[in-house]
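Note that this is a predicted model, so its numbers are computed, not measured.
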Amino acid sequence: MMLCILALIATASAGPWGQLFKGEKVFRVQPKNEEQVKIIATLTTLVQLDFWKPESSSQISPNMVVDFHAAVDEASFVQYFLRKSGIEYEVLIDDLQMAIEKQLDSQYSGYNHSYEKYNTWDKVAAWTAEMASTYSSLVTREEIGNSYKGRPMYVLKLGKSSTSKKTAFIECGIHAREWISPAFCQWFVNEAVRTYETDKTMNRLLSKMTIYVLPVFNVDGYVYTWTNNRMWRKNLGESPSRYCTGTDLNRNFNVSWCSVGASKSPCSETYCGSSPESEIETKNVVTFIRKHISTMKTYISVHSYSQLLMFPYAFTYDHVANYKILNTIAEKAVRQLTSLYNTAYRYGAVAETIYPAAGASLDWAYDEGIKYAFVFELRDTGRYGFLLPESEIKPTCKETMVAVKYILNYVLLQ
């Protein structure tokens with residue numbers, strides 16, 4: 001509750017997010033055993049921590065790499081506590097405010113939309129209209145509903161007109177602070193239409209498949225990261241608490257809802273909502289997917305960070321029926337991705353690769369019958385975390401593009 005009160009105070013006094021995080025730090029620890037896991041759990045009862053990886057203290061296990069953000073007034077105590085407890089730690093980011101400012105390091109100085117900059121929601125929204133106008137034979141813009149705050153949720157439909165094609169869905173930006181995710185969706189759309197005439201694989205994909213792209217799932221949260229709190233994760237929907245706002249949209253889907261890796265506490269970053277599909281953004285996506293479920297073959301969710309390519313399940317360690325097929329696809333897609341810049345990725349089922357988490361869009365899509373479901377965690381592995389610099393957008397998107405094209409082409413040929 002204290003974190004929520006502090007967040008409200010900070011929000012009320014803040015204009016743009018520029019002055020919120022001066023002197024705050026991001027730590028990395030790797031508990032060696034269950035005893036050290038318990039020590040970290042004890043720390044969370046003494047100070048309020050913002051977990052970056054994993055997403056909550058309940059998901060920590062021995063030998064897991066754990067990244068968390070501490071406020072400036074608590075950072076010294078955190079360091080003292082860890083040293084006193086014999087837990088080795090590393091300071092990944094010494095001044096979070098400075099890292100936020102350094103993130104915007106693009107050499108492009110223009111005001112307009114750019115594929116090598118992080119774009120505000122207004123620029124993204126205008127860009128969706130521009131793409132539909134400029135590439136009218138390949139791109140159609142659809143509004144699938146509004147966010148809690150009444151902002152439109154736009155999906156771009158890519159492909160030549162046909163009623164008998166397979167379809168795919170790519171969603172970005174379900175967690176507000178993961179800016180590289182919406183940047184990839186914008187990159188993907190541009191590369192798809194720009195190379196349609198010259199790239200044989202892309203020509204085949206857009207001629208024989210319809211690809212739906214949701215560039216910003218969590219519109220309200222994304223806007224909030226630009227105007228109030230750069231580190232905001234959830235949406236801005238109401239909650240039962242008068243102190244805390246928002247639901248983790250990637251815990252709000254109706255698949256083993258709130259059973260593991262999620263919280264029923266409204267002040268938690270992994271709050272699963274008051275019920276499955278309680279959030280309007282979730283409902284809009286669910287309704288859209290079900291409308292196209294007869295042809296929908298692929299669902300791809302894009303997140304950051306950790307450099308992972310994963311597939312269902314997230315809520316259980318049980319293997320899906322086509323586990324071996326999905327694992328092989330992931331292996332080959334990662335091989336394609338790595339070929340560009342030698343970026344190291346891991347792959348596997350979500351629960352096995354990182355930790356169990358219920359209510360995720362990935363698992364829901366799979367259980368709806370979309371058997372080629374994948375989730376990317378893009379760059380990096382922690383040096384920048386959610387604050388990947390703009391100078392990294394191009395290589396990140398180029399390598400991810402190769403992997404996504406591989407997955408889509410595989411599905412098309414089945």
Side-chain angles (χ1 to χ4, degrees), residues 29-31 33-34 37-38 40-41 51-68 171 174-175 178 181 217 233-234 247-265 268-273 276-277 282 298-334 337 344-378 381-382 403 407:
V29 297
Q30 190 169 8
N33 48 47
E34 288 289 353
V37 170
K38 291 178 181 178
I40 295 170
F51 280 88
W52 285 21
K53 185 175 73 172
E55 295 156 329
S56 74
S57 59
S58 65
Q59 296 166 319
I60 299 173
S61 60
N63 299 311
M64 176 182 286
V65 173
V66 179
D67 299 344
F68 59 83
E171 47 108 323
I174 196 169
H175 290 143
E178 298 169 11
S181 172
F217 191 131
R233 168 185 168 89
K234 301 186 286 184
T247 290
D248 182 345
L249 295 175
N250 205 38
R251 299 293 186 275
N252 192 232
F253 283 80
N254 191 12
V255 55
S256 193
W257 177 76
C258 222
S259 62
V260 64
S263 174
K264 292 186 178 180
S265 169
S268 170
E269 291 295 331
T270 57
Y271 175 54
C272 57
E277 299 175 18
T282 310
T298 313
Y299 190 104
I300 297 175
S301 181
V302 182
H303 293 250
S304 75
Y305 61 98
S306 283
Q307 296 173 195
L308 304 167
L309 175 53
M310 299 176 291
F311 49 85
Y313 282 125
F315 75 88
T316 177
Y317 289 103
D318 293 345
H319 284 185
V320 295
N322 61 338
Y323 174 93
K324 290 183 179 180
I325 294 172
L326 295 180
N327 196 62
T328 299
I329 295 171
E331 177 188 12
K332 292 182 178 179
V334 163
L337 184 154
Y345 261 63
R346 292 188 294 132
Y347 61 90
V350 177
E352 294 178 333
T353 306
I354 47 174
Y355 43 75
S361 63
L362 176 81
D363 285 355
W364 174 84
Y366 185 88
D367 278 1
E368 285 291 303
I370 306 172
K371 297 308 180 185
Y372 297 99
F374 295 91
V375 57
F376 282 84
E377 294 279 357
L378 304 185
T381 56
I407 293 170

Can you measure from [atom1] ([X]) to [atom2] ([Y]) and round to the nearest 0.5 angstrom?
X: K53; Y: S304; atom1: NZ; atom2: OG; answer: 11.0 Å
X: I329; Y: E331; atom1: CD1; atom2: CD; answer: 11.5 Å
X: I407; Y: F374; atom1: CD1; atom2: CZ; answer: 5.0 Å
X: F217; Y: S361; atom1: CZ; atom2: OG; answer: 6.5 Å
X: K371; Y: T298; atom1: NZ; atom2: OG1; answer: 13.0 Å
X: I174; Y: T282; atom1: CD1; atom2: OG1; answer: 6.5 Å

Partners meeting side-chain contact (heavy atoms from CB on, under 4.5 Å) with [X] (sequence neighbours left out):
X: N33; result: E35, Q36
X: S265; result: S263, C267, S268
X: A403; result: A333, L337, F376

With [X] via side-chain hydrogen bond (donor to acceptor under 3.5 Å, both in side chains) - residues at least two apart:
X: Y366; result: N322
X: S259; result: S256
X: E178; result: H175, H303
X: Y299; result: E171

Which pair of heavy atoms, one from [X] and one from [Y], lies closest together, and at what distance?
X: A357; Y: D363; result: O-OD2, 4.3 Å
X: P356; Y: Q59; result: O-NE2, 3.8 Å
X: C272; Y: A262; result: CB-CB, 4.1 Å
X: D248; Y: R233; result: OD2-NH2, 2.5 Å
X: I60; Y: P54; result: CG1-CG, 3.9 Å
X: V66; Y: P31; result: CG2-CD, 4.1 Å

List in chain and number order the residues that pass ring pair (Phe, Tyr, Trp, His ring centres under 6.0 Å) with [X], two or more places apart in sequence or in another chain; answer none if no residue qualifies.
X: F253; value: W364
X: F68; value: F27, F51
X: Y271; value: none

Any side-chain heavy-atom pair from [X] and [Y] closer than 4.5 angstrom?
X: V65; Y: S306; value: no
X: L378; Y: Y345; value: yes
X: E269; Y: E55; value: no

### Message
Determine whether the aromatic ring centres of residues Y347 and F311 are separated by less than 6.0 angstrom.
### Response
no
### Task
State, without any angle test, whether T247 and N252 hold a side-chain donor-acceptor pair at a distance under 3.5 Å.
no
### Message
Please check this pair: side chain of Q30 against backbone of M64, looking for a donor-acceptor N/O pair closer than 3.5 Å.
### Response
no
### Task
Verify, without hydrogens or angle tests, whether T316 (side chain) and D318 (backbone) share a donor-acceptor contact under 3.5 angstrom.
yes
### Set of salt bridge (charged side-chain N to carboxylate O under 4.0 Å, His left out) partners for E277, sequence neighbours left out
none
### Summary
Sorted by chain and residue number, the salt bridge (charged side-chain N to carboxylate O under 4.0 Å, His left out) partners of D367 (sequence neighbours excluded) come out as none
### Query
Going by the angle between their ring planes, with limits at 30° and 60°, are F315 and Y313 parallel, tilted or perpendicular?
tilted
### Task
Would you sort out whether Y355 and V260 count as a side chain to side chain contact (heavy atoms under 4.5 Å, CB included), showing the intermediate values?
CA-CA 10 Å; Y355 43 75; V260 64; over 6 Å; no
